[in-house]
Amino acid sequence: MADEVVRAILNRVPPAAPALLPNYHRFNVKGRVYPGILPVDSKKVAGMVLMGVTDEELQLLDAFEDVEYTRTRVEISLNDSSEKMLADTYVWSDAHDSNLYGEWDFEEWKKVHMKAFLAMTNGFMHGLQQSETKTRVETYESFMQQQEHPTLETHAEG
């Protein structure tokens, strides 16, 4: 949903439209600053649908979303026209994950976490371009550990 993150992954921001995903819910995930969505009757997730994503870009998105998510074909409704269409979304892979709770807030994420998440994303994409084998989840966890304990990394290098 954040153009800055999309640009970091794809090197462009494809045309996009606001959309609703019915019968899904966007959860907070304990220990993560990003959400997970899962099917939940009578709920809906507001988001953006990216148009014109190439196969190569889809592979980049798959690598970024990593094993925590499963790309799933869903039916969405465009906000401006209520037109229904099929789209791919990334659903949280573990439907029974006890770390899912509440409702994730995009506006709060933008204020509190986006800057660090964007730095992590840029680091992951740089590693991907350099053929590093670190997954996005591993990149995220090591990045967040450095954010929480910056002196540990400095001391380990010194």
Engineer: Between Arg7 and Glu4, does any side-chain N to carboxylate O distance fall below 4.0 Å?
Structural biologist: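 No salt bridge links Arg7 with Glu4.
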Engineer: Got a donor-acceptor contact below 3.5 angstrom from the Thr139 side chain to the Val137 backbone?
Structural biologist: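 No: the side chain of Thr139 does not pair with the backbone of Val137.
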Engineer: Between Asn28 and Glu103, which heavy-atom pair has the shortest distance, and what is it?
Structural biologist: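 Where Asn28 meets Glu103 most closely, the heavy atoms are ND2-O, 3.4 Å.
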Engineer: Could you check whether Tyr90 and Asp62, counting side-chain N and O atoms only, form a donor-acceptor pair closer than 3.5 Å?
Structural biologist: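 Short answer, yes.
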Engineer: Between Val40 and Asn23, is any pair of side-chain heavy atoms under 4.5 Å apart?
Structural biologist: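 Contact flag for Val40/Asn23 side chains = no.
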Engineer: Look up atom CD in Glu57 and atom CG in Leu10, then write down how far apart they are to the nearest 0.5 Å.
Structural biologist: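 Glu57 atom CD to Leu10 atom CG measures 4.5 Å (nearest 0.5 Å).
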Engineer: Taking the six-membered ring of Phe124 as reference, does the cationic atom of Arg136 (NZ for Lys, CZ for Arg) lie under 6.0 Å from its centre and within 45° of its axis?
Structural biologist: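 Here Arg136 fails the 6.0 Å and 45° test against Phe124.
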Engineer: Under 6.0 Å between ring centres, would you say that holds for Trp92 and Tyr69?
Structural biologist: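 So the answer is yes for these two rings.
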Engineer: Taking the side chain as every heavy atom from C-beta outward, state whether Ser93 and Glu68 have any pair of such atoms under 4.5 Å apart.
Structural biologist: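 Counting from C-beta outward, Ser93 and Glu68 never come under 4.5 Å.
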Engineer: Angle class for the Tyr140/Tyr34 ring planes (parallel below 30°, perpendicular above 60°, tilted otherwise)?
Structural biologist: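 It falls in the perpendicular class, over 60°.
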Engineer: Check whether any side-chain heavy atom of Asn122 lies under 4.5 Å from a side-chain heavy atom of Leu118, and answer yes or no.
Structural biologist: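 Heavy-atom side-chain distance check passes, below 4.5 Å.
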Engineer: Please check if the side chain of Asp66 supplies one atom and the backbone of Thr135 the other of a donor-acceptor pair under 3.5 Å.
Structural biologist: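 Absent.
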Engineer: Can you check whether Pro35 reaches Phe27 side chain to side chain, under 4.5 Å on heavy atoms?
Structural biologist: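 Sidechains of Phe27 and Pro35: no contact.
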Engineer: If every non-hydrogen atom of Ala8 is compared with every non-hydrogen atom of Thr121, which pair is closest and at what distance?
Structural biologist: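 Nearest pair, atom of Ala8 first, then Thr121: CB-CG2, 3.8 Å.
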Engineer: Any idea which heavy atoms bring Ala19 and Val49 closest together, and the distance?
Structural biologist: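 That would be CB-CG1, 4.2 Å.
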Engineer: Give, for atom CG of Leu58 and atom CD of Glu65, the distance between the pair rounded to the nearest 0.5 Å.
Structural biologist: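 Rounded to the nearest 0.5 Å, the CG-CD separation comes to 10.5 Å.
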Engineer: Where the side chain of His25 meets the backbone of Gly102, is there a donor-acceptor pair that is under 3.5 Å apart?
Structural biologist: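 Checked: pair present.
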Engineer: In terms of side-chain heavy atoms, does Ser82 have a donor or acceptor partner in Ser77 at a distance below 3.5 Å?
Structural biologist: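 Looking only at side-chain atoms, Ser77 and Ser82 do not form any donor-acceptor pair under 3.5 Å.
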Engineer: Hey, could you give me the CG/CD distance between Leu61 and Glu56, rounded to the nearest 0.5 Å?
Structural biologist: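 Result: 11.0 Å between the selected atoms.
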Engineer: To the nearest 0.5 Å, tell me how far Gln129 CD sits from Leu60 CG.
Structural biologist: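 Gln129 CD to Leu60 CG: 8.5 Å, rounded to 0.5 Å.
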Engineer: Run the numbers on Lys110 and Glu107 for salt bridge (charged side-chain N to carboxylate O under 4.0 Å, His left out), then give the verdict.
Structural biologist: CA-CA 5 Å; Lys110 280 189 348 186; Glu107 294 303 319; 3.5 Å; yes
Engineer: Would you compute the distance between atom CZ of Arg71 and atom CG of Asp88 and round it to the nearest 0.5 angstrom?
Structural biologist: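 Between atom CZ of Arg71 and atom CG of Asp88 there are 5.0 Å.
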Engineer: Mind checking whether Val5 and Met51 sit in one hydrophobic cluster, side chains of I, L, V, M, F, W, Y counted as touching below 4.5 Å?
Structural biologist: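 Per the 4.5 Å side-chain linkage, Val5 and Met51 are co-clustered.
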Engineer: As an exercise, state the distance from OG1 of Thr89 to CD of Glu75, rounded to the nearest 0.5 Å.
Structural biologist: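 The distance works out to 13.5 Å.
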Engineer: Could you tell me whether Arg32 and Glu141 have a side-chain N and a carboxylate O separated by less than 4.0 Å?
Structural biologist: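 A salt bridge is present here (some side-chain N lies under 4.0 Å from a carboxylate O).
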Engineer: Is the Trp104 ring parallel, tilted or perpendicular to the Trp109 ring (thresholds 30°, 60°)?
Structural biologist: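 Geometry flag for Trp109 against Trp104: tilted rings.
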